[in-house]
**Student:** 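If you scroll down you'll find the structure; I have some questions about it.
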Amino acid sequence: QVQLVESGGGLVQAGGSLRLSCAVSGTAFSINNMGWYRQPPGKQRELVAGVTSGGNTNYADSVKGRFTISRDKNTAYLQMNSLKPEDTAVYYCNANVAPVGMYWGQGTQVTVSS
């Protein structure tokens, strides 16, 4: 059974930093793309950053220059610097496990106080 376990969320003041981790377990298949999404209160889930198996990355415009996604085999990280109150959201990890499908983590709360 494929599982994605996230950690690293919490409460931080504006301008601070947090590092999220997402570990994938329960599969011997290849993990293709991994990504971080977020869902602010009352809004839809949106892509924050993604990383391919080859290490190529992409970012939402709102986080470029502040967030960095990285990956080490089956674990993805999201380093978040210069956090703003508008970054407050539940952050979800996503992994595309070939050929079985796409999986989501349980979500981790990030709250940035002003």
**Student:** Could you list all the side-chain hydrogen bond (donor to acceptor under 3.5 Å, both in side chains) pairs where at least one residue sits in residues 93-105, not counting sequence neighbours?
**Tutor:** none
**Student:** Is the backbone N or O of S21 less than 3.5 Å from a side-chain atom of R19, with the two atoms forming a donor-acceptor pair by type?
**Tutor:** no
**Student:** Using the salt bridge (Lys or Arg N to Asp or Glu O under 4.0 Å) criterion, which residues pair with R66? Sequence neighbours excluded.
**Tutor:** D87
**Student:** Holding to side chain to side chain contact (heavy atoms under 4.5 Å, CB included), I want the full list of residues that pass it with A98, two or more places apart in sequence or in another chain.
**Tutor:** N32
**Student:** So does V90 get a backbone contact from the side chain of Q39, meaning a donor-acceptor N/O pair under 3.5 Å?
**Tutor:** no
**Student:** Can you name the closest pair of heavy atoms from Y91 and E6 and give their distance?
**Tutor:** O-OE1, 3.7 Å
**Student:** So how far is it from N74 CG to T27 OG1, rounded to the nearest 0.5 Å?
**Tutor:** 8.0 Å
**Student:** Do W36 and V110 land in one hydrophobic cluster if side-chain heavy atoms of ILVMFWY residues count as linked below 4.5 Å?
**Tutor:** yes
**Student:** Heavy atoms, side chains only, cut-off 4.5 Å: are F67 and N81 in contact?
**Tutor:** no
**Student:** V2 versus V24: any side-chain heavy-atom pair under 4.5 Å?
**Tutor:** yes
**Student:** In this structure, would L4 and F29 fall into the same cluster of hydrophobic residues linked by side-chain contacts under 4.5 Å?
**Tutor:** yes
**Student:** How long is the span from the OH atom in Y92 to the CG atom in L20, to the nearest 0.5 Å?
**Tutor:** 13.0 Å
**Student:** Which residue pairs pass the disulfide bond (SG atoms under 2.5 Å apart) test when at least one of the two sits in residues 18-114, sequence neighbours left out?
**Tutor:** C22-C93
**Student:** In residues 50-62, what donor-acceptor pairs under 3.5 Å come from side-chain atoms, sequence neighbours left out?
**Tutor:**
unit_1	atom_1	unit_2	atom_2	d
T52	OG1	G54	N	3.2
T52	OG1	G55	N	3.3
T52	OG1	N56	N	3.0
Y59	OH	I69	N	2.9
D61	OD1	K64	NZ	3.1
S62	OG	R38	NH2	3.4

**Student:** Is there a path from Y37 to M80 through hydrophobic residues (I, L, V, M, F, W, Y) whose side chains come within less than 4.5 Å of each other?
**Tutor:** no
**Student:** Measuring from K84:NZ to S114:OG, what's the distance to the nearest 0.5 Å?
**Tutor:** 14.0 Å
**Student:** Please say whether the positively charged group of R71, taken as NZ for Lys or CZ for Arg, lies over the ring of Y77, i.e. under 6.0 angstrom from the six-membered ring centre and within 45 degrees of the axis.
**Tutor:** no
**Student:** Indicate the atoms forming the closest heavy-atom contact of A89 with Q109, along with that distance.
**Tutor:** O-NE2, 3.4 Å
**Student:** Do the side-chain N and O atoms of T88 and E86 include a donor-acceptor pair separated by under 3.5 angstrom?
**Tutor:** no
**Student:** Which residue pairs pass the disulfide bond (SG atoms under 2.5 Å apart) test when at least one of the two sits in residues 50-85, sequence neighbours left out?
**Tutor:** none
**Student:** Between L78 and V48, is a side chain to side chain contact (heavy atoms under 4.5 Å, CB included) present by the stated rule, with each step listed?
**Tutor:** CA-CA 9 Å; L78 186 67; V48 176; 4.2 Å; yes
